[in-house]
2 protein chains.
Amino acid sequence: MQSAKEFVEQLRPAGGRRSGKRDVIVQIFLRQEGHLAADELVELIRAEDARISRATIYRTLQWMVDAGIAQKVDFGEGRFRYEHSYRHPRHFHLICKTCNQSFEFLSSDIEALIEEIAEARRFSPRQSVLQIYGTCEDCQAGRQPERIAAPTDALFARDALRIAIATERSGLEFYTRAAALTKDARGKKVFQRLAEEEQEHLGTLERRYRQLVKADPELEAHPTFLFFKGAANGIFAAGTEELVKGVDDRQALLIGIRCERGSHKFFKRYGERFEESEGKQIFLEFADEEREHLDLLIREYRSLVERQAAGPKRR
Amino acid sequence: MQSAKEFVEQLRPAGGRRSGKRDVIVQIFLRQEGHLAADELVELIRAEDARISRATIYRTLQWMVDAGIAQKVDFGEGRFRYEHSYRHPRHFHLICKTCNQSFEFLSSDIEALIEEIAEARRFSPRQSVLQIYGTCEDCQAGRQPERIAAPTDALFARDALRIAIATERSGLEFYTRAAALTKDARGKKVFQRLAEEEQEHLGTLERRYRQLVKADPELEAHPTFLFFKGAANGIFAAGTEELVKGVDDRQALLIGIRCERGSHKFFKRYGERFEESEGKQIFLEFADEEREHLDLLIREYRSLVERQAAGPKRR
DNA sequence: ATAGATGCAAACCCTTTGCACATTA
DNA sequence: TAATGTGCAAAGGGTTTGCATCTAT
């Protein structure tokens, strides 16, 4: 796993000089979690150590943004806040206007929609900001809001596993149906084999999930961090729908190919977004698996087409 | 249709006094489209007329926000912008960092997801901000970006009709399938009748759409303003999927009820959000229609249950 | 030696405010 | 006349900058 130091080292821009003060600022900044206003960082640094001027801190923040170490965010407070990018994927925010706390979440569905919309408008998106302003659970109840810890690796792994499991289930259903509906003996066998594989993987994933929860029984009580619906399992669900409306063997294989391709792409892309972590691992492993299925289906489709082309002559 | 003057009149807070200068500011502000920074408004007012002080303009902007006439938005520029709420539903933004233009869009899908996420986190949302930063089509091509006009009523009507048509199509498919699958004679007839109605409405909507496009042939060239996918037609699509996997008559009716309820709710809620306009009209008419179907299905379901309760005795 | 980093204070931008004066109900 | 709106200038918060001074390479 990459350390914070390596992370900074790697991003340090060429031509820049090493400076003790800047290092201090960066290190203190990276130690924090959440969204720091410049002034809060000034306080932290005053407390910690040196006589570092406000200007240097502002300049270092700008430097970190340029280097990709930090991100400047605007919660509409009339000042900017900064969050670091180290082990911290792009995300969205729920912002409580009462206690001023902010809560992060991911949503592959919303990301997919944003991409579609940008595409439709021929807009090339660089960065998206989604902030939901309102009142958090604690403030609604009039309770003293407790500081929520930032989402951990384990939490991310939990949600990654949930997505993978849901997708696997949906894939299993797809292949089971496909096997039942396919007439071609060889095609049927392929679908059966894939269904069996999905079943097996499903078992593996569920075991892994239970293990994770066992290691931290509190884990399941945490609210969802990574939201998903359509983007992952919707791919197979749509395929199943088409299947069930009636298709021939060739179409069934094509639908399977489309599903696996979509699924592979989703898991690969999503996995690549994250820093080293169990969740990333899960996504990438899953992507590989889908890739194998995809290859198998493509081979099978080619074979079927060949046999069909040869077939009529014999008839 | 409500005029801008009535709009302000209606929202003018009690206890406030009429003031010529404030009126001037409000009128000039409402004449603009897009997102004005306070300073830009000051310029506009300087040019137009009076010797009105900066402070008054700031105070009036605050007054408009409190009254619900304007909305303060933050594009992360370090200053606020204001957009008026008159004939201007809640929307999201694509913001070009090159030409600094911003483009609006609606997405019922994203709104639905936001609500789900807030719900899951027990967060009570008041306002959501979604900004996609990047580069617009013109700037990507190195062209001089042309000022895009704000979406018109006709554009909104076009997209409302597209959603209604897509939903209608999906409903038609659902009822056609349901009619084919239903064994109970009376139930079959109900589904057939609904399918016929959907067919007829579909014709009406398509005629209306053609009319709209005929009135303004440019209309179809405009990019999508109201994005939708799941929220509207996905409701029936999911129903069809269930149907096709095999259900009995009673379940079929229940699925129909669920679909119509979802669809009714969606169109009603979405329609209610807008100022008087053809698009609003379309949504509300559609909601009414779905309501009728819903009632019919519920009556039919009750009847079926009764007959089934009576049936076994006769057997 | 020289480009780059730092400190200090002043400048900056956008916005709000105190206070005297003008207006409206 | 009492409450509200306006103008002016000053203050305010957050951020950036000019310039002299250091400090790494």
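Every heavy atom of this structure was used, including side-chain atoms; hydrogens, water molecules and symmetry mates were not. Order of the sequence lines fixes the chain letters, A, B, ..., with proteins taken first and strands second; residue numbering starts at 1 for each chain.
- Look at CD1 on B:Ile52: it is 13 Å from P on C:dT23, rounded to the nearest Å.
- Using a 4.0 Å cut-off, some side-chain N or O of B:Thr56 falls inside it from OP1 or OP2 of D:dG7.
- A:Arg22 places its CZ atom 8 Å from the C1' atom of C:dG4, with the value rounded to the nearest Å.
- A straight line from CD1 of A:Ile57 to P of C:dT6 spans 10 Å, rounded to a whole angstrom.
- Using a 3.5 Å distance cut-off with no hydrogens or angles, the side chains of A:Gln71 and A:His88 do not pair a donor with an acceptor.
- Taking atom CG of B:Asp74 as the reference point, atom C1' of C:dC13 lies 15 Å away to the nearest angstrom.
- At least one donor-acceptor pair closer than 3.5 Å links the side chain of B:Arg158 to the backbone N or O of B:His222.
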Study note, to complete from the structure: For nucleotides 15-25 of chain D, 5' to 3', base contacts (B), sugar-phosphate-only contacts (S) and non-contacts (-) with protein non-hydrogen atoms under 4.0 Å give BBBB----BBS
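- The side chain to side chain donor-acceptor pair (under 3.5 Å) with B:His35 is formed by just one residue from the set B:His84, B:Glu83, B:Gln101, B:Arg81; it is B:Glu83.
- Looking only at distances, a side-chain donor or acceptor of B:Asp159 sits under 3.5 Å from a matching main-chain atom of B:Phe225.
- As rounded to whole Å, 14 Å separates atom C1' of C:dC13 from atom CD of B:Glu40.
- For B:Phe29 and B:Tyr82, the ring centers sit 6.0 Å or farther from each other.
- Relative orientation of the A:Phe283 and A:Phe267 rings is tilted, given thresholds of 30° and 60° on the angle between their planes.
- Rounded to an integer number of Å, the gap from B:Trp63 CH2 to C:dT15 C1' is 20 Å.
- Of the side-chain N and O atoms in B:Lys21, one or more sit less than 4.0 angstrom from OP1 or OP2 of D:dG7.
- One interatomic measurement links the two molecules: CG of A:Asp23 to P of C:dT6, which rounds to 9 Å at whole-angstrom precision.
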